[in-house]
Amino acid sequence: MRVSLLAVATATALLTTPALAQSSNDATELDPVVVTATRNPDDALLVPAAIDVITAAEIGRAQPKIDLSESLQRVPGVVARDRQNQAQDLQVSVRGFGARATFGVRGVRLYTDGIPATMPDGQGQVSHFPLESAGRIEVLRGPFSALYGNASGGVISLFTADAPDQPLVRAGLIAGDDGLQRSSVSFHTPTGRRDDGDFLLDLVNVDSDGYRDHSAARRSSGQALLRGTFANEARYTLLLNSLDLEADDPQGLTLEQLQGDRRAASDGALAFDTRKTVRQHQLGARIEQELSASHAYAVTAYGGNRQTTQMLSVPVAVQRDNPLHNGGAIDLDRDYFGIDSRWRWSTQLWQRPFSVTTGLDYEVSDEHRLGNENFIGETIGVVGALRRDERNRVTARDVYVQADWEPAERWRINIGARHSRVEFDSDDHFFTDINPDDSGTLEYSRTSPVAGVLFRATDRLSVYANTGGGFETPTFSELAYRSDGLGGLNDALRPARSRNHELGLRARTDRLDWSAAVFQSRTEDELVVVANDGGRSIYGNAGISRRRGLELAASGELADRWHFASSYTLLDARYLTDFAVCAEAPCGEQDRLIEAGRHIPGLSRHSAWAELRWSPSDRTDILLDGRFVDRVHVDDGNSEAAPAYTRFDLAAEHRFSIAGLDWRGFVRLNNLFDRDIIGSVIVNSGGGRYYEPSPGRNWLVGLSASRSFE
């Protein structure tokens, strides 16, 4: 409490102190350069795809930089929900892909400095994203996402900033409601001449009691990045990061529980002390070499280990009655590694610029998964007898090619294809007379073509269109259980296949940037939950579904010292064919029919965000932002929905210099009008525990100090 009061007093003083330093946000804004869509640096105005850039200033301005949900709301078509539950990570979806995820991220590819944060089966995590030193975040939506492989409904890439011209040390502390404390220490320095490279080290610790009962969490993360140039002019990057997470899991609430106490945890969460721990360490390296004016190559290699233990609230009776049940305590030890080798050839085709990028991508995830009972005798919430022991391996082998041609001065054509082959191999080490050997293998493969064309109508306006295919395999956890009640991989589960189309505009003037896009995706064999049985989700395919919508974004200067940014998304996501679900496995007779025309759950039809920023001086920013989210259906039958809401946040940031240090302080008041909000939902959750409420009015204050050295 003393720390929080001190932080409040300090931040208040900062906002009334005469400014002595030039704003770090006053750096000259350059045209946004992106690499995610074409794999080569280019002006976003010349890229025939929907891609947005979130700058370092936007990531950090009056924000705690705790998770991606703070920044991704700026991008239309993207949903990133803070679940108030660090045991389950964020919910992230792009144009409706990934909405089914009950934990982790599905259907969206994630990268940090070119290193995948998505496993080869399509399961991703964002808890280790290094926001403290983020230089920009690129978000790619639409058909060109398929060039990144399996589960590419969209691509989110974080890139670490360059170090400053002089060595810099920075430390910061943020405090807020519900016992939130975030502390950070950073050291950034150039190495040798400024063009040679840099070194960045960031350490961050986040502690919170949590908004809800039984939602306390502690997360420590660190990243070290070294960039430089070899004697042969090849560029290298070395990246090391780690994550240490301990979090209680309050689980979702039913509608009745929500109306009683919004801060409550579920009864099962309290009884079984549901919780999760994660330890992750990862090392990556990248080498880029220009062999000549026409040829260049890049090689990225990485490896890591992620250890996860989790206590679930599976009822004791369910495990005792079913000798084939895998238990309610999980112990997962995963090693993963991969390599992406890429070659680029630049030349001329009919005397116009032409380039080809081709590459090989090899990824492996090798895990040892144990399942134990979550009870011993009459004591629950402890690790008991072994119920599952298997080694699982996922291997992805991909080949891709992408060609870029400017057939005329104002035209650009980009085409490509990626062939993906994903193999699943499960080796069962736990079998008895009544529990047979469930070892097995599965393989999925698909070629996904894409094509786009851009016309630069003027120097400030571009029109583009693109089309392509998409491919998403089930993850290992989604293959784990079968609808017939037997063991082994769910070999009846087919990958989802999409056809995606997009038409867009992008414009830039001296005072205004804006973009618009319309899109449609038609998916065969959508992956859905067909049954929840004893704490296990059983997946099936849902025939044909469709997502179509409109995205708008605009930002600019309203008047001197007044700036705005805004985004809007219209998304109509529906099942086009009937499919059946059942109450429990084995699924024999049809239990319930999901009729064509139902909305895909976890998505809102309308969502909008806007920010108004006033900068009365070069060192002070005052911000008001608002967000509207339409109602969100919670299950495939659309039987219930989280209500629509509108939320406003108010924040101020001030920067100044004193005692030889550069200071940054901010205060933030979230949910200004104290609305009751359902921040996220757990799609198709068993027992109707769909709802994850967000806090009412809550505050944050932060203070950081930095110093540069000659």
Side-chain angles (χ1 to χ4, degrees), residues 24-61 71-72 74-76 78 109 111-115 130-131 133-142 144-145 147-148 154-165 194-195 197-198 200 225 227 229 235 237 286 288-290 293 296 298 300 342 344 346 353 355 357 402-406 410 412-414 416 452 454 456 458-464 466 504-510 512-515 517 553-556 565:
S24 62
N25 295 326
D26 285 343
T28 302
E29 289 289 337
L30 303 176
D31 293 341
V33 173
V34 296
V35 300
T36 306
T38 62
R39 302 181 187 271
N40 296 288
D42 219 333
D43 184 348
L45 202 60
L46 302 178
V47 176
I51 186 165
D52 285 86
V53 179
I54 306 171
T55 66
E58 293 166 339
I59 295 169
R61 186 183 291 118
S71 302
L72 288 181
R74 293 176 169 272
V75 182
V78 178
R109 298 287 294 188
Y111 293 85
T112 59
D113 291 296
I115 307 298
L131 295 177
S133 59
R136 71 183 190 280
I137 299 171
E138 295 183 13
V139 182
L140 173 64
R141 314 181 301 284
F144 273 87
S145 304
L147 292 178
Y148 282 82
V155 180
I156 299 174
S157 301
L158 182 145
F159 297 90
T160 300
D162 293 332
D165 294 335
R194 182 63 189 89
D195 293 338
D198 49 10
L200 300 94
L225 182 145
R227 289 179 290 219
T229 305
R235 295 280 299 170
T237 301
R286 180 179 177 85
E288 303 169 90
Q289 171 78 70
E290 291 189 7
T300 302
R342 183 181 311 164
R344 176 179 168 86
S346 302
S355 66
T357 301
Q402 191 169 357
D404 188 0
W405 185 38
E406 299 178 29
R410 294 188 175 274
R412 189 166 187 177
I413 296 173
N414 204 297
L454 178 139
R456 194 162 188 180
T458 70
D459 291 342
R460 298 173 178 265
L461 173 66
S462 297
V463 183
Y464 66 89
N466 53 55
L505 301 171
R506 186 179 293 115
R508 182 187 305 142
T509 69
D510 293 337
L512 177 68
D513 286 7
W514 63 272
S515 64
S555 61

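All values below come from the heavy atoms of this structure, side chains included, with hydrogens, waters and symmetry mates left out. Nothing here was measured: the structure is a model prediction, and the numbers come from that model.
Residues satisfying the salt bridge (Lys or Arg N to Asp or Glu O under 4.0 Å) test with R456, not counting sequence neighbours, are none. Under the salt bridge (Lys or Arg N to Asp or Glu O under 4.0 Å) criterion, R286 pairs with E288, sequence neighbours left out. In terms of the salt bridge (Lys or Arg N to Asp or Glu O under 4.0 Å) criterion, residue partners of E58 (sequence neighbours excluded) are, by chain and number, R74. Scored by the side chain to side chain contact (heavy atoms under 4.5 Å, CB included) test, V463 finds L505 as partners (sequence neighbours excluded). D113 meets the salt bridge (Lys or Arg N to Asp or Glu O under 4.0 Å) test with no other residue; sequence neighbours excluded. In this view, A296 and E290 satisfy the side chain to side chain contact (heavy atoms under 4.5 Å, CB included) rule, not counting sequence neighbours. Partners of T112 by side-chain hydrogen bond (donor to acceptor under 3.5 Å, both in side chains), not counting sequence neighbours: none found. Qualifying ring-ring contact (aromatic ring centres under 6.0 Å, His included) partners for Y464, counting only residues two or more places apart in sequence or in other chains: none. Under the rule for a side-chain hydrogen bond (donor to acceptor under 3.5 Å, both in side chains), the partners of D510 that lie at least two apart in sequence or sit in another chain are R460. Residues satisfying the ring-ring contact (aromatic ring centres under 6.0 Å, His included) criterion with Y111, sequence neighbours excluded, are Y148. The side chain to side chain contact (heavy atoms under 4.5 Å, CB included) test applied to N414 returns T38, P48, F144, Q402, D404, not counting sequence neighbours. Residues passing the side chain to side chain contact (heavy atoms under 4.5 Å, CB included) test with A507 are L461, W514, sequence neighbours excluded.
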Kindly indicate, with the supporting measurements, whether the criterion side-chain contact (heavy atoms from CB on, under 4.5 Å) is fulfilled by V78 and D52. CA-CA 11 Å; V78 178; D52 285 86; over 6 Å; no
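Nearest heavy atoms, D513 versus R508: OD1-CG, 3.0 Å. Counting all heavy atoms, side chain and backbone alike, T357 lies closest to R344 at OG1-NH1, 3.7 Å. Nearest approach of A56 to A134, heavy atoms of both residues: CB-O, 3.5 Å. V33 and V53 get closest at one heavy-atom pair: O-CG2, 4.5 Å. Scanning all heavy atoms of the two residues, the minimum distance from G114 to T300 falls at O-CG2, 4.0 Å. Scanning all heavy atoms of the two residues, the minimum distance from L147 to G416 falls at CD2-C, 3.9 Å.
Once rounded to the nearest 0.5 Å, the distance linking CZ of R506 with CG of L45 reads 7.0 Å. Annotation: the span from R109 atom CZ to L140 atom CG amounts to 12.5 Å, rounded to 0.5 Å. Note that the OG1 atom of T509 and the CG atom of D459 stand 13.0 Å from one another [nearest 0.5 Å]. With values rounded to the nearest 0.5 angstrom, S133 atom OG is found 7.5 Å from L158 atom CG. Considering CZ of R61 and OG of S71, their distance stands at 11.0 Å, rounded to 0.5 Å. Q289 CD to T229 OG1: the interatomic distance, rounded to the nearest 0.5 Å, is 10.0 Å.
A donor-acceptor contact shorter than 3.5 Å is absent between the side chain of R412 and the backbone of V47. A donor-acceptor pair is defined here as one N or O able to donate and one able to accept, closer than 3.5 Å; no such pair exists between the side chain of R136 and the backbone of V34. A donor-acceptor contact shorter than 3.5 Å is absent between the side chain of N466 and the backbone of G452.
Of the residues I54, I51, I137, the one that meets the side-chain contact (heavy atoms from CB on, under 4.5 Å) test with V75 is I54.
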